[in-house]
Amino acid sequence: MNVPISFEFFPPKTPEGAAKLRLTRQALYAHQPEFCSVTFGAGGSTQAGTFGTVEEILSEGVSAACHFSCVGATKAAVRDQLATLQAMGVKRLVALRGDLPSGYGLGGEFQYASDLVAFIRAETGHAFHIEVAAYPEIHPQAKSAEADLQAFAAKVKAGANSAITQYFFNSDAYFRFVDDVHRLGADVPVVPGIMPITSSTQLLRFSDACGAEIPRWIRLRLQGFGDDTASIKSFGLDVMTDLCDQLCTAGVPGIHFYTMNQAATTSEIIRRLKPA
Ligand code: FAD
């Protein structure tokens with residue numbers, strides 16, 4: 001691939017999951033990622049797992065980005081966690097508001113991700129490269145499309161260096177988003193997030209929750225394959241390779257893969273995109 005790539009993992013819940021993720025990482029390191037990121041459970045669910053996985057990646061000699069969500073958090077707790085991450089040698093954060101698991105009250109001293117970005121900058125200066133989330137198809141809770149663009153611009157104004165998008169299948173939404181935020185002066189690299197397709201039920205569930213639109217023709221094709229996982233994977237590889245090819249040809253600043261802790265599909269997309 002002719003652009004920098006990064007990989008996203010979630011923290012494993014069991015020793016077996018941790019062992020499998022080590023193998024996944026080793027397979028993906030062959031593609032020389034710029035960094036690997038680890039997601040963060042809002043409400044305390046997987047924070048120890050996140051920090052542990054980030055530590056492992058750093059010890060493997062690879063740059064790690066720690067996702068960091070602020071919903072329900074106090075400033076004192078965030079300050080302590082930032083100090084821990086600095087002591088670990090972390091240089092890159094993905095700063096998020098996050099979503100609280102149902103059953104948690106809101107509370108906390110941060111309302112939006114822009115509050116967290118401003119706090120990190122005030123507390124730690126330029127110790128961290130700060131990534132933020134971007135939504136080419138509009139965040140599901142946004143008051144309007146324009147309000148969501150303004151919310152993104154506020155994160156950049158607060159000090160974000162770059163952004164990673166929610167996954168999408170419609171590249172026009174991405175290109176329009178980049179044009180619009182640049183028009184608002186939020187002129188930072190916006191790296192498209194790519195979700196390899198490996199299972200149709202998983203994809204349909206995730207997409208409904210995060211507001212990513214699955215085009216009708218993709219949805220119907222996937223439904224038509226039923227339980228035929230080989231056909232789903234083969235179709236998914238074709239669709240995602242075409243999308244990445246289109247994005248790379250247009251000169252995107254990078255590609256971020258939501259690996260779902262699996263190496264095979266992401267590796268195959270990258271292999272197919274290699275210049276002959
Ligand atoms: P914000 O940017 O704060 O936006 C949240 C909502 O508030 C939006 O609707 C926005 O329009 C609105 N808004 C923002 N500012 C204002 C304002 N000033 N006035 C009015 N409205 C405003 N979740 C996790 O729990 N853990 C993870 O590790 C994680 N990683 C992610 C990585 C990426 C690349 C992406 C795209 C998402 C990730 N998420 C993760 C999901 C994310 O936490 C959710 O989408 C969450 O609902 C919003 O987080 P945010 O940082 O985008 O919030």
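Just so it is clear, the model here is predicted, and its values are computed rather than measured. When a ligand or atom number is given, it counts from 1 through the structure's own listing order.
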Check ligand 1 against [X] and write out every atom of the ligand that is under 4.0 Å from a heavy-atom position of the residue.
X	value
Lys143	20 (C)
Gln166	36 (C)
Asp148	8 (C), 9 (O), 10 (C), 11 (O)
Lys155	2 (O), 52 (O)
Ala151	10 (C), 11 (O), 13 (N), 14 (C), 15 (N)
Ala133	35 (C), 36 (C), 52 (O)
Thr39	28 (O)
Tyr258	33 (C), 34 (C), 36 (C)

Test of understanding: given a 4.0 Å heavy-atom threshold, classify the contact between His67 and ligand 1 as side chain, backbone, both, or neither. side chain
Examine the proximity of ligand 1 to Tyr135 and report which part, side chain or backbone, both or neither, has a heavy atom under 4.0 Å away.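 For Tyr135, only side-chain atoms sit under 4.0 Å from ligand 1.
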Would [X] count as a polar contact of ligand 1, with the cut-off being nitrogen or oxygen pairs under 3.5 Å?
X	result
Ala142	yes
Val94	no
Ser114	no

Please compare Asp115, Asp99, Val117, Ile164 and report which has the shortest non-hydrogen distance to atom 46 (C) of ligand 1. Asp99
Which option out of Phe40, Phe152, Tyr112, Phe10 puts a heavy atom nearest to atom 25 (O) of ligand 1?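 Looking at heavy atoms only, Phe40 sits closest to atom 25 (O) of ligand 1.
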Classify the side-chain pair Asp148/His139 by whether it contains a donor and acceptor separated by less than 3.5 Å.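 The answer is no; no qualifying pair exists.
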With side chains defined as the heavy atoms from C-beta onward, is the minimum distance between [X] and [Y] less than 4.5 Å?
X	Y	result
Glu8	Met260	no
Glu60	Tyr29	yes
Leu247	Ser171	yes
Phe40	Phe51	yes

How long is the gap from CD on Glu34 to CZ on Phe7, to the nearest 0.5 Å?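 The CZ atom of Phe7 is 11.5 Å from CD of Glu34, to the nearest 0.5 Å.
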What pair of heavy atoms forms the shortest contact from Asn2 to Cys248, and how long is it?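 Scanning both residues, the minimum pair turns out to be OD1-CB, 3.7 Å.
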A cation-pi test, strictly: NZ or CZ of Arg97 under 6.0 Å from the centre of the six-membered ring of Tyr112 and no more than 45 degrees from its axis. Yes or no?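 No, Arg97 does not sit over the ring of Tyr112.
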When you check the gap from the basic side-chain N to the acidic O, do Arg25 and Glu56 get nearer than 4.0 Å?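 So Arg25 pairs with Glu56 through a salt bridge.
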Enclosure of Asp227 CG (heavy-atom neighbours >12, cutoff 6.0 Å):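 Open: at most 12 neighbouring heavy atoms sit under 6.0 Å from CG of Asp227.
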